[in-house]
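Report on one structure; see the data block that follows.
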Amino acid sequence: MKIKKNDTIKVIAGKDRGKTGKVIRAYPENEKVVVEGINLVVRHVRARRSGEKGQKMYFPKPIALAKIMLVCPKCGEPSRLGYRTLESQDMRQKKERFCKKCKAAV
């Protein structure tokens, strides 16, 4: 999965189309992510004690990867991601994510 925690994303489909947010949690097995302030659902919480009121609480639900795009930190536009391998001094290969528009490392 190319999108990870703390990435900034933009929603390209659904009820929150056009909004941007930060990824809170990623679920690679389901190909979904939870984003701050996006895809909010209401949960009604019952009053615990007498005299206290019940309340509505808003929780972010996971959103499918197909509905979001990563916002490149350099060019600031939603773009696709690619991987390239880099060789370090100790002859190990390291994978790096990069923006397909501006070729900058993410």
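Side chains are part of it too, since the values below use all heavy atoms of this structure and drop only hydrogens, waters and symmetry mates. Throughout, numbering of the chain's residues begins at 1 and tracks the sequence.
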request  = Apply side chain to side chain contact (heavy atoms under 4.5 Å, CB included) to the pair N6 and V23, showing each step before the final yes or no.
outcome  = CA-CA 5 Å; N6 294 327; V23 176; over 6 Å; no

Next item on the list: May I ask you to establish whether K32 and Y27 are in a cation-pi arrangement, using a distance under 6.0 Å from NZ or CZ to the six-membered ring centre and at most 45° from the ring axis?
Entry: no

Are more than 12 heavy atoms, taken from residues, nucleotides or ligands other than K5, located less than 6.0 Å from that residue's NZ atom? no

So CZ of R43 and CD of Q55: to nearest 0.5 Å the spacing works out to 14.5 Å

When clusters are formed by joining ILVMFWY residues with side-chain heavy atoms under 4.5 Å apart, either directly or through shared neighbours, do Y83 and I3 land in the same one?
no

Between I63 and the options D16, V34, V35, the side chain to side chain contact (heavy atoms under 4.5 Å, CB included) test singles out V35

Is there a side-chain contact between I9 and V71 in this structure, where contact means two heavy atoms from C-beta onward sitting under 4.5 Å apart?
no

Under the side chain to side chain contact (heavy atoms under 4.5 Å, CB included) criterion, do L65 and M1 qualify, and how do the steps go?
-> CA-CA 9 Å; L65 282 181; M1 195 163 98; 3.4 Å; yes

Tightest non-hydrogen contact, residues P28 and A26, listed as CD-O, 3.5 Å

Is L86 reachable from F98 through a run of hydrophobic residues whose side-chain heavy atoms are each under 4.5 Å from the next?
no

Start with the C-alpha distance between R97 and K4, add both sets of side-chain angles, then the distance that settles side chain to side chain contact (heavy atoms under 4.5 Å, CB included), and finish with yes or no. CA-CA 11 Å; R97 296 184 304 162; K4 299 183 183 329; 4.0 Å; yes

Residue pairs meeting side-chain hydrogen bond (donor to acceptor under 3.5 Å, both in side chains), one or both in residues 63-80, sequence neighbours left out, come to E77-K101

The remaining residues in the hydrophobic cluster of M69, counting side-chain heavy-atom contacts under 4.5 Å among Ile, Leu, Val, Met, Phe, Trp and Tyr, are I12

For A105 and E96, the nearest pair of non-hydrogen atoms, with its separation, is CB-OE2, 3.2 Å

Minimal heavy-atom distance between K2 and D7, with the atoms involved, is O-OD2, 4.2 Å

Exercise. Hey, quick one: are I68 and I24 part of the same hydrophobic cluster, counting side-chain heavy atoms closer than 4.5 Å, chains of contacts allowed?
Worked result: no

Nearest heavy-atom contact between V42 and Y58 is CG2-CE2, 3.2 Å

Would you check, one step at a time, whether the test side chain to side chain contact (heavy atoms under 4.5 Å, CB included) holds for K15 with N39? CA-CA 8 Å; K15 68 178 184 180; N39 202 21; 3.6 Å; yes

